[in-house]
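These numbers come from a predicted model, not from an experiment.
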Amino acid sequence: MLRIYGYSKTEGLQHFSELAELTTANYDWYWVDFEKPTQDEVGLLRTYFQFHPLAIEDCLHDLQRPKIDYYDDHTFFVFHALHKKSLDRSEINLFLGEDFVVTFHKQPCEEIDSVERLLKRNNGQNNNLDEYFILYQLLDNVVDHYFPIVYEIEDHINEIEDNTKNLTMEQLLEELFDRRSELLKIRQTIHPMRDLLYRMLYTHPLEGVQERREYFADVYDHLIKAAEIVASNREMTQDIRDSYLSLNSHQTNRTMQILTVISVIFMPLTFVVGVYGMNFVNMPELETESGYYVVWFIMIAMVVTMVFWFKKKGWFD
């Protein structure tokens, strides 16, 4: 599907149904959006627009790294948007020329739809609309959609830390590792986008970008902020993981300590019972009338003495 718009300061925003109408229309610049394009529509990139073959190839291959490529008569951008539920990345390709913007994406894109709505609202109210307005608004929308995802994961991490659901240690660690995996996915998107904005601002910047430098710098600052939040949350998950593992190790050591104390208490009793369980004929204690009670007294005294001593040493604390 193609969405075709032309803009002129005299007539404002115009909508076209076919590319052929662009040749006769009066416009200062135009925007063509390829959404889920057919094979015939993909061919227009080569035949009608005559974009560089390498840029077209990047459009057709999934998930190129966010980047900017400079060609003779146009500049090619690759952006990554994030799906809120699955955190899957979707690629948005953009061709920018002196009087045109062409966007290309294989799936419906809320960020593109937001730019279209904004463009219609600003029609006739903003005389500074140009192709760089589309570029900035698209970047701004893509980056703004990162933050609700990051904040939602941050809330989940806080719930894990407070254990508001009263989950077991295994369940908490499982959820924690899921959040770390999600943060890794987001980081793999935000960091390349941050590097892309840095190149746009400081490495061979385009003239239109320089004219709106404060706006693109604001998007860059948002990406830095998002990257810092992701890094902070990953450190938090690591601290929570270490705390849980330390607590689990402490509980295990505590259990082993109690079992060891119990074993030590019964070791001398086992020795006494073993001695008097030996079948010797000449064993004088066996003939004693009160020998049984004496042995019991000795064993109880040993248990009480060891429990008191262990208690004094703090082994039961």
Over 60° means perpendicular and under 30° means parallel, so classify the ring planes of [Y] and [X], tilted if in between.
X	Y	value
Y136	Y215	perpendicular
Y27	Y30	perpendicular
H222	F147	perpendicular

Minimum side-chain heavy-atom gap [X]-[Y] below 4.5 Å:
X	Y	answer
M236	N158	yes
N141	Q137	yes
M193	L139	yes
D178	H156	no
L44	L2	yes
L138	V101	no
R234	R187	yes

For the [atom1] atom on [X], are there more than 12 heavy atoms of other groups (residues, nucleotides or ligands in this structure) within a distance under 6.0 Å?
X	atom1	value
E214	CD	yes
Y71	OH	yes
F297	CZ	no
K36	NZ	no
R213	CZ	yes

Indicate the atoms forming the closest heavy-atom contact of [X] with [Y], along with that distance.
X	Y	answer
T47	Q50	O-CG, 3.7 Å
F266	T270	O-OG1, 2.7 Å
V78	N93	CG2-OD1, 3.6 Å
E57	H61	O-ND1, 2.8 Å
L19	Y48	O-OH, 3.4 Å
F133	R212	N-CZ, 4.4 Å

Which distance, rounded to the nearest 0.5 Å, do you find between the [atom1] of [X] and the [atom2] of [Y]?
X	Y	atom1	atom2	result
F104	I56	CZ	CD1	9.5 Å
I224	I229	CD1	CD1	12.5 Å
I300	T305	CD1	OG1	11.5 Å
D28	D130	CG	CG	9.5 Å
I4	F16	CD1	CZ	8.5 Å
D140	F216	CG	CZ	9.5 Å

Full working for side-chain contact (heavy atoms from CB on, under 4.5 Å) between F79 and L94
CA-CA 8 Å; F79 306 141; L94 187 144; 4.3 Å; yes

One pair to check against side-chain contact (heavy atoms from CB on, under 4.5 Å): H145 and L82. What are the steps and the verdict?
CA-CA 7 Å; H145 277 75; L82 279 174; over 6 Å; no

Are any side-chain N or O atoms of [X] and backbone N or O atoms of [Y], one a donor and one an acceptor, separated by less than 3.5 Å?
X	Y	result
H80	Q64	yes
S181	F177	no
R179	I153	no

Walk me through whether L184 and Q188 qualify under side-chain contact (heavy atoms from CB on, under 4.5 Å).
CA-CA 6 Å; L184 178 60; Q188 290 173 343; 3.9 Å; yes

Working for side-chain contact (heavy atoms from CB on, under 4.5 Å), residues F77 and M200:
CA-CA 10 Å; F77 300 86; M200 291 174 60; 3.9 Å; yes

State plainly whether the residues K185 and E182 are in salt-bridge range, i.e. N to O under 4.0 Å.
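Salt bridge flag = no for E182 with K185.
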
Is the ring centre of F95 less than 6.0 Å from the ring centre of F76?
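When the ring centroids of F95 and F76 are compared, they turn out to be within the sub-6.0 Å range.
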
With E41 via side chain to side chain donor-acceptor pair (under 3.5 Å) - residues at least two apart:
none

Are L269 and M267 grouped together when hydrophobic residues (ILVMFWY) are joined by side-chain heavy atoms under 4.5 angstrom apart?
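Different clusters.
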
Quiz: residues 105-119 side-chain donor-acceptor pairs under 3.5 angstrom, not counting sequence neighbours:
unit_1	atom_1	unit_2	atom_2	d
H105	ND1	Q107	O	2.7
H105	NE2	D33	OD1	2.9
H105	NE2	D33	OD2	3.2
K106	NZ	L60	O	2.6
K106	NZ	D62	OD1	2.9
E110	OE2	S114	OG	3.2
E110	OE2	R117	NH2	2.8
D113	OD1	R3	NH1	2.9
D113	OD1	R3	NH2	3.4
S114	OG	E110	O	3.0
S114	OG	R117	NH2	3.2
E116	OE1	R3	NH1	2.7
E116	OE2	Y5	OH	2.3

Any donor-acceptor N or O pair under 3.5 Å, side chains R180, T237
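A pair is found: one side chain offers a donor N or O, the other an acceptor, under 3.5 Å apart.
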
